[in-house]
Amino acid sequence: MRCEACGRDKTCCGQEKSETLEWVPGHFKVIEEVRPKYACRPCGDGLVVAPPADRVIEGGLPGPGLVAHVLVSKFKDHLPLHRLSGIYARHGVQLRTSTLSDWVAAGADTLQPLAREVAQRALASHVLQSDDTHLKVLDREHPNGLKRGHMWVYLGDTTWAAFVYTPDWKEEGPLSFLDKREGWLLVDGYKGYDKLFTRQGATAVEVGCWSHARRYFVEALDAGDTRAALPLSLIGRLFEVEREADEQQVEETERLRRRDTLSRAVTEQLGRWMAEVYNREPPKSPLARACRYAINQWKSLTRFMEDARLPLHNNASELRLREIAVGRKNYLFAGSDAGAERAACVYTLVATCVLAGVEPWAYLADVLEKLAQGWPQRRLEELLPPMWKAARAAASQTPSTSSAAT
């Protein structure tokens, strides 16, 4: 390149870079497994052939990565299987919805032992949170052909997210799972939990949710009762104390001190105000309803001042349930109780992956392969998302460490 002014060759004095972000679609590949057969020609007998490699679905077509993709697409990306079938068809592979459904069932059944391990750790956590949401389920015996099942989440120490399906909203569902729970249990005011805290020899300790209590006062304010502004302001102060502690990353002893000196005064003021207002208020008014909920839950609502690890609210478990809410808007219903139970299994592992900062597809593809190959039951703990992540991180650092030593 010559200079326009003097005609001499220009000298390179650096370079500039720019980037373009492009999308390369995922693709299918066929992995062909060749197994030689041997026989004795003289006697024409003794034909032998190596056994086929272990698969997620015995004798089935999909590899672990494909099964993982189907599970993640449905239970994380909320794609109905008929829509996923259409996507695969555009990539040149025709797979019926019924086939994909069979793969979901097989994958979930393989993952069940890991989901049970997550549930056990959630149940043994220091702080256990629980909430539920509804899920439509096909039922031929129901007059409408559909029934309203429920999906429960049990969130342990914001690390283990165990989902459990029940065909109804009866107390037997949560009671059966939480029967042996010892320690803190953060829940809303659902009466189905009551026996856990009131029965003889109860070992679960009820912790209330200030977000639930706040909603009733919001409803009263929306109904036009401006008196609800005061309790909302006081509850806001409780949340502000927690926000400041989070931002400053204070230790547990300091958080507990702030709760005792700052939050306790706020709750005492709120308690006095509710006692005065509730006795003069018509029982059916929105404000009376808000006060009644908070008064009935008062002991559990103030539990957070006893342990710095107790959150002020149950929002974390509600956040996990949003996956169910988004999913049911797309796939609309589960095909059966068994299908809903399998969904709970996959939701358990996907949600626990998210909490651990693990990419769900990479995790499921790897553990499905390991389980199909006969991973020992005594070592299942190694395949749980947090432990799996730690092992992968350690393995990725091993080559660089050894090379640095040499």
Side-chain angles (χ1 to χ4, degrees), residues 127-134 153 155 158 184-194 197 205-250 252 254-322 325:
V127 178
L128 180 62
Q129 302 172 236
S130 179
D131 206 349
D132 73 287
T133 189
H134 68 274
V153 63
L155 180 62
T158 63
W184 306 119
L185 179 57
L186 176 52
V187 293
D188 58 22
Y190 169 59
K191 296 298 182 182
Y193 296 117
D194 287 353
F197 313 119
V205 183
E206 184 179 13
V207 182
C209 171
W210 278 101
S211 288
H212 277 85
R214 183 181 180 277
R215 287 171 197 166
Y216 288 102
F217 288 108
V218 170
E219 291 175 2
L221 186 63
D222 291 342
D225 195 330
T226 56
R227 292 174 296 172
L230 177 60
L232 286 173
S233 175
L234 293 174
I235 295 173
R237 292 184 196 176
L238 296 178
F239 281 87
E240 184 61 32
V241 171
E242 298 303 310
R243 273 195 297 270
E244 290 179 358
D246 291 338
E247 291 170 0
Q248 297 170 15
Q249 298 181 339
V250 301
E252 291 182 7
E254 173 60 16
R255 184 185 292 271
L256 202 58
R257 186 194 68 79
R258 295 186 184 191
R259 288 179 175 181
D260 188 54
T261 57
L262 301 175
S263 300
R264 188 177 300 277
V266 174
T267 57
E268 289 174 353
Q269 182 181 350
L270 178 58
R272 289 192 298 269
W273 182 88
M274 289 193 300
E276 294 174 2
V277 171
Y278 183 65
N279 290 329
R280 302 194 304 264
E281 194 67 14
K284 295 184 178 181
S285 73
L287 188 60
R289 182 168 177 256
C291 290
R292 184 163 50 251
Y293 179 87
I295 291 171
N296 290 339
Q297 296 288 113
W298 192 250
K299 188 174 183 179
S300 63
L301 285 171
T302 54
R303 292 277 191 195
F304 75 99
M305 288 184 283
E306 300 179 25
D307 189 330
R309 294 174 65 180
L310 290 176
L312 199 65
H313 51 71
N314 201 22
N315 294 357
S317 62
E318 291 188 10
L319 183 61
R320 304 276 73 81
L321 288 174
R322 288 182 185 176

task: Applying side-chain contact (heavy atoms from CB on, under 4.5 Å), name anything that partners A288, two or more places apart in sequence or on another chain.
output: Y278, E281, S285, R292
message: Quick check against the 3.5 Å criterion: does T302 have a side-chain atom that pairs as donor or acceptor with the backbone of K299?
response: yes
How many angstroms lie between [atom1] in [X] and [atom2] in [Y], if you round to the nearest 0.5 Å?
| X | Y | atom1 | atom2 | answer |
| --- | --- | --- | --- | --- |
| F304 | R264 | CZ | CZ | 8.5 Å |
| L262 | L238 | CG | CG | 10.0 Å |
| L301 | N296 | CG | CG | 10.0 Å |
| W210 | E242 | CH2 | CD | 11.5 Å |
| L312 | S211 | CG | OG | 7.0 Å |
| T261 | M305 | OG1 | CE | 11.0 Å |

[X] and [Y]: which non-hydrogen atoms are nearest, and at how many Å?
| X | Y | answer |
| --- | --- | --- |
| A294 | M274 | CB-SD, 3.6 Å |
| R258 | V250 | NH2-CG1, 3.5 Å |
| L186 | G208 | CD1-O, 3.1 Å |
| V153 | S317 | CG1-O, 3.6 Å |
| T158 | A316 | CG2-CB, 4.5 Å |
| A220 | P286 | CA-CB, 3.7 Å |

field: Positive for side chain to side chain contact (heavy atoms under 4.5 Å, CB included) with C209, one of V187, D131, N314
entry: N314
Is any NZ, NE, NH1 or NH2 atom of the basic residue among [X] and [Y] found under 4.0 Å from an Asp or Glu carboxylate oxygen of the other?
| X | Y | value |
| --- | --- | --- |
| R237 | E240 | no |
| R259 | E306 | no |
| R280 | E276 | no |
| E252 | R255 | no |
| D225 | R227 | yes |

task: Examine the side chains of R320 and Q129 and answer whether a donor and an acceptor come within less than 3.5 Å of each other.
output: no
message: Assess, by modelled atom type and distance only, whether the side chains of Y193 and S130 contain a donor and an acceptor separated by less than 3.5 Å.
response: yes
message: Looking at Q249, I'd like to know if its CD atom is crowded, meaning that more than 12 non-hydrogen atoms belonging to other residues, nucleotides or ligands lie closer than 6.0 Å.
response: no
field: Step-by-step side chain to side chain contact (heavy atoms under 4.5 Å, CB included) determination, L287 to F217
entry: CA-CA 7 Å; L287 188 60; F217 288 108; 4.0 Å; yes
task: Check whether any side-chain heavy atom of W298 lies under 4.5 Å from a side-chain heavy atom of T267, and answer yes or no.
output: yes
message: Measuring only between side-chain heavy atoms, which start at C-beta, is L232 closer than 4.5 Å to R214?
response: yes
message: Tell me every residue that passes ring-ring contact (aromatic ring centres under 6.0 Å, His included) with F239, counting only those two or more places apart in sequence or in another chain.
response: H313
